Amino acid sequence: MTNKNNLYLDINVLQAVPSSNINRDDTGAPKTALYGGVIRSRVSSQSWKRAMRHALNGKDLGSGLRTVKLAQLLKEKIMSLDSSLSESDADNKVKEVFKSTGIKLKGEDTAALLLISKGQVEKIAEYVLAHEEIDKKELKEIFNGNQSVDLALFGRMVADNPELNVEGSSQVAHAISTHEVVPEFDYFTALDDLQKEDTTGATMLGSIEYNSSTLYRYANLNFPELVHNLGSEAAVEGAVEFIKSFVLSMPTGKQNTFANKTLPNYVMITLRTDTPVNLVSAFEEPVKSNQGYVKPSINKLEEEYQNTLKMVDTPIKTLILSMEKIERDKDSILKDDQVTDLNELLSKVSEELQQVVQNENDND
Amino acid sequence: MKTITIKLTGPLQSFGNEATFNQRTTSLHPSKSAVIGMIAAALGFQRDDEKITDLNGLDFAVRIDQPGRVFTEFQTVEWKKDTRKLTYRGHIQDAVFAVAIGSDNDSLIDEIQFALRHPGYQLFLGRRANVPAGVLQIEEFSGLNPVQVLKDFPWQASRWYQKSKSNKQTVKVELLADSKLLSGDKYFMVKDSVGSFSQKNRFFNYRPVERDMIELTNPSYQEKDQSTDHDPFSAL
């Protein structure tokens, strides 16, 4: 059967956010969603991805391959994409590419080692097959634009030039609160400091809608796709950057008004070989509590994790970073999966992924 | 004939119909093309794979077990540096759908079922950010087509939703299916047959659809206890 080489990385985060309005709709109210019959606070996927992109800041992790054999790679790719093309036609297409980029060929090889990823070679091949005339600027864009980690993670769409499109390798869900929220309104007045003594009243008044919530945040990463876009070395680093930016970033909406920048209370990372699993179903029945939402949310999440194991393959690794002390059963399967800090979490994930990359290379 | 049911649920789902750039509405139930897109992603097909259109041949039916509520998501898009556009995208919140896919080619259904449990690309409910909640629940039936399966398939709505109708012993839910699986002549045409998902040339053809209402048992039905009713005339 197909898809034997699946490897998905799930990130589950629980994060308490105080009074805030980090992502608002066209009326200025915090975004919401209905789930399990009650209103939840929501932060859209797009909003959080933007914050992540800013955290990644176009970080360039370089390409997968360092080679002089670009001409050969490109020719093979062109011929595999269009089997009707003769070898000499393919050769001509390759020559055109090198002519318009100004990269010199010495016989079959390039004069210097070039850094390039498999994804880039594929894009160039697609481009020359779709265009009779090569536009230098566009080709240059393909050569330069494909290695940045945010592009590999979130993809790119160029409507008038689909060859430049990149399919993202990650999936980020909308964050929703684990419990019901009730909208609150902050009514405010502002006074003019230079107002005459004998006048009273506010110069301006208004209201801001806000709420506070414990958010369930979920994202996953299709690791083989990231390898496809970046090459295996850079993909391991890219995955680590992905986790870091997801865990540490937050959209900045009304941040100056509410100073709501918190860090996650709980992070669970799972490496799976079959399918990604979004555990939001744990909160379909909303958490009810009058002593804070974080602890009961953690318990529900871990319970759901264990329940879903009945339906999927056992993950190759699960890692938990928690700011809260968790009370678990003595025989809980999660009892040995805890790490002490973010660094340990990241290095363990990177170790595990390196292992996978190593095994794949050995099998080639 | 083999059929599988797939339960589609999550906080948000979105099934585009007549999309334009700024205002994108959603249909009130999963479209066949959306489900085929999901299957194609599971099978690891690229957008322009020619094998995708073969999947149009699958038999398809969907039952609206919990209709959810439509809302419009407001977003700004920076489409050019420092230039933003406002967009409005329809979503269905808190809905549960039972989708059934069938084929006379049993091994194709087996392959699809395996792929949905081991997807080559991430699955989503109409938009990439609409991740299905929990593990995808799939069940398998032999010798029945999708409509036959969904006529008897238990009501998939959430517990709270079933309870909200606890005074009703049965509920009626809407079913939409390939016209040939129902009467075959009371159809309406929907632009929902995949032509291509390629971003160079995305298009859909028409397909005939028919609608039916199905009566299902409500497992949360509670018979009213007569004795608690206050009847002032009983004393007379």
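These numbers come from the heavy atoms of this one structure, side chains and all, not from hydrogens, waters or symmetry mates. The chains referred to below are lettered A, B, ... by the order of the sequence lines, with proteins before strands, and numbering in each begins at 1. Since we're looking at a predicted model, the values are computed, not measured.
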Could you tell me which residues in residues 58-68 of chain B have at least one non-hydrogen atom under 4.5 Å from a non-hydrogen atom of chain A, sorted by residue number?
none
Residue among B:H91, B:Q46, B:Q75, B:R69 with most heavy-atom pairs under 4.5 Å to chain A:
B:Q75
Is it the case that the side chains of B:N17 and B:S27 hold a donor-acceptor pair, with the cut-off being a distance below 3.5 Å and no angle test?
no
If the plane angle is over 60° it's perpendicular, under 30° parallel, otherwise tilted; pick one for B:Y88 and B:F74.
tilted
Below 4.5 Å from any heavy atom of chain B, which atoms of A:S170 appear? Answer side chain, backbone, both or neither.
backbone
Heavy-atom count around B:E50 CD within 6.0 Å, excluding the residue itself: above 12?
no
For A:I176, which atoms come within 4.5 Å of any heavy atom of chain B: side chain, backbone, both, or neither?
side chain
With no hydrogens and no angle check, just 3.5 Å: does a side-chain donor-acceptor pair link A:Y293 and A:S177?
no
Check this for me: A:Q306, atom CD, are more than 12 non-hydrogen atoms of other residues, nucleotides or ligands nearer than 6.0 Å?
yes
Within a 6.0 Å radius of atom NZ on B:K85, are there more than 12 heavy atoms belonging to other residues, nucleotides or ligands?
yes
Relative to chain A, which segment of B:R159 carries a heavy atom at a distance below 4.5 Å: side chain, backbone, both, or neither?
neither
What do the steps show when you test B:Q222 against B:S166 for side-chain hydrogen bond (donor to acceptor under 3.5 Å, both in side chains), and what is the final call?
CA-CA 6 Å; B:Q222 269 179 332; B:S166 64; 4.8 Å; no
Between A:N307 and chain B, which part of the residue has a heavy atom less than 4.5 Å away: side chain, backbone, both or neither?
neither
Counting only non-hydrogen atoms closer than 4.5 Å, does B:L123 touch chain A with its backbone (N, CA, C, O), its side chain (CB onward), both, or neither?
backbone
Apply side-chain hydrogen bond (donor to acceptor under 3.5 Å, both in side chains) to the pair A:Y218 and A:D10, showing each step before the final yes or no.
CA-CA 7 Å; A:Y218 170 81; A:D10 282 336; 2.6 Å; yes
Any residue of residues 280-288 of chain A which, by heavy atoms, sits under 4.5 Å from chain B:
A:V280, A:S281, A:E284
Go through the steps for B:Q113 and B:R117 under the test side-chain hydrogen bond (donor to acceptor under 3.5 Å, both in side chains), then give the verdict.
CA-CA 6 Å; B:Q113 183 175 179; B:R117 294 181 198 275; 2.9 Å; yes
Give the member of B:V131, B:T9, B:L116, B:N130 that has the highest number of heavy-atom pairs under 4.5 Å with chain A.
B:V131
Is it the backbone or the side chain of A:R40 that comes under 4.5 Å from a heavy atom of chain B, or both, or neither?
neither
Max heavy-atom pair count under 4.5 Å with chain B, selected residue of A:R42, A:M311, A:R272:
A:R42
Between B:E73 and B:R127, is there a salt bridge with N-O shorter than 4.0 Å?
no
B:K2 and side chain to side chain donor-acceptor pair (under 3.5 Å): which single residue from B:D106, B:D104, B:D110 fits?
B:D110
Donor-acceptor pair, side chain of A:H179 and main chain of A:T214, under 3.5 angstrom:
yes
Residue part contacting chain B, namely of A:L221, when any heavy atom lies under 4.5 Å:
backbone
Answer with side chain, backbone, both or neither: which region of A:V172 has an atom nearer than 4.5 Å to a non-hydrogen atom of chain B?
backbone
Could you look at B:Y161 and say if it's the side chain, the backbone, both or neither that has a heavy atom under 4.5 Å from chain A?
neither
NZ (B:K7) with more than 12 external heavy atoms under 6.0 Å:
yes
Could you walk me through whether B:S196 and B:N201 pass the side-chain hydrogen bond (donor to acceptor under 3.5 Å, both in side chains) check?
CA-CA 7 Å; B:S196 170; B:N201 180 30; 5.3 Å; no
